[in-house]
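See structure below.
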Amino acid sequence: MSKSEFIYTIYIKTTPEKLWDALTNVEFMKQYWFGTHCESDWRAGSSWRLVFADGQTADAGEIVESVAPKRLAIRWRNEWNPELKEEGYSLCVFDIEPTDSAVKLTVTHSLDKEGSKLIEAVSGGWPQVLSNIKSLLETGQVVLAQHVDCREKA
Amino acid sequence: MATNEDNVFKALADGSRRALLDRLRVCNGLTLNELCEGHEMTRQAVTKHLAVLEAADLVVTKWRGREKLHYLNPVPINEIYTRWIGKFERGRLQALDNLKEALEEDRHE
């Protein structure tokens, strides 16, 4: 395998529009992304960054593709950890597909390097973020509410 | 429906299927051939087990040219975790926070 790649899927009882809003709305995001949030105007070519609760940039890059409410692709590089930053840009793609009774969200995060530490680092976080989005959209509450700052573990 | 918890538990209730998930955890994105190499199962058995895992959303697939790649999707297992364990974990984290706060207060006095 020449690249590192993870794929996550989750089915959420909501509409593609509401899910798109959940992925791009700052206030919504702060509730499910453990205190961090993204800053962007979500248009292709625009800058994007993931910000810790204290304002420091966690990750940054740009929006590669933005087709509401179907597909969002972000060119994504770590900014706070030198070892991860050195790996360069990863690609994170959100695909939203309506199914009979729910909406399927697929997150594909990849980097053109075998054994990428960045992809490994985000791999633990995505399932929790997705579970939180699902819970928030379906019940109005997140399942895990605590703020997690990955810098503390480093 | 694919989110069905019953499907997840049924899929996990088999050693061969868990072995396939273990394999994908170590090396994600394998083809059927690559998955067959590591196991003493027939190709038909592996195919059948993968179908069960896919129906439970524990394995997702993606086409790369003519190759079908298999990925471990940990999200359903995470949902089991958050449902039964996450709650206690949160309590434990809170307890640590409280302890830290109490100890630091002592120091300031």
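By convention in this document, chain letters (A, B, ...) are assigned in the order of the sequence lines, proteins followed by strands, and residues within each chain are numbered from 1. Values reported hereafter were calculated over all heavy atoms of this structure, with side chains retained and with hydrogens, waters and symmetry mates removed.
- Under the 4.5 Å side-chain heavy-atom criterion for ILVMFWY residues, a single connected hydrophobic cluster contains both B:Phe9 and B:Leu20.
- Contact record, A:Thr9 with B:Asp57: OG1-OD1, 2.8 Å, taken as the closest heavy-atom pair.
- Only the side chain of A:Leu130 has a heavy atom closer than 4.5 Å to any heavy atom of chain B.
- Taking both residues in full, the closest heavy atoms of B:Asn73 and A:Tyr8 are given as OD1-CA, 3.2 Å, listed atom of the first, atom of the second, then distance.
- Following chains of ILVMFWY side-chain contacts shorter than 4.5 Å, one can reach A:Phe28 starting from A:Leu72, so the two form part of one hydrophobic cluster.
- When the shell of 6.0 Å around CD of A:Gln56 is examined, it contains more than 12 heavy atoms from other residues, nucleotides or ligands.
- Rounding to the nearest 0.5 Å places NZ of A:Lys134 at 12.0 Å from CG of B:Asn78.
- Linking Ile, Leu, Val, Met, Phe, Trp and Tyr whenever their side-chain heavy atoms come within less than 4.5 Å leaves A:Val122 and A:Tyr89 in two separate clusters.
- Expressed to the nearest 0.5 Å, how far CD1 of A:Ile7 lies from CG of B:Leu72 amounts to 11.0 Å.
- Side-chain heavy atoms closer than 4.5 Å link hydrophobic residues (I, L, V, M, F, W, Y) into clusters, and following such links, even through other members, never connects A:Leu91 to A:Trp126.
- Cluster membership for A:Val51 and A:Leu84, using ILVMFWY side-chain heavy atoms within less than 4.5 angstrom, is not shared.
- In this structure, B:Val60 and A:Thr106 have side chains that are not in contact, with every pair of non-hydrogen atoms separated by 4.5 Å or more.
- Residues A:Ile10 and B:Glu79 approach most closely at CD1-OE2, 3.1 Å, considering heavy atoms.
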Trace of the side chain to side chain contact (heavy atoms under 4.5 Å, CB included) decision for A:Thr108 with B:Lys62: CA-CA 10 Å; A:Thr108 309; B:Lys62 183 182 154 178; 4.3 Å; yes

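- The OG atom of A:Ser123 sits 9.0 Å away from atom CG of B:Asn28, with the distance rounded to the nearest 0.5 Å.
- At most 12 heavy atoms of other shown residues, nucleotides or ligands fall within 6.0 angstrom of atom NZ in A:Lys18.
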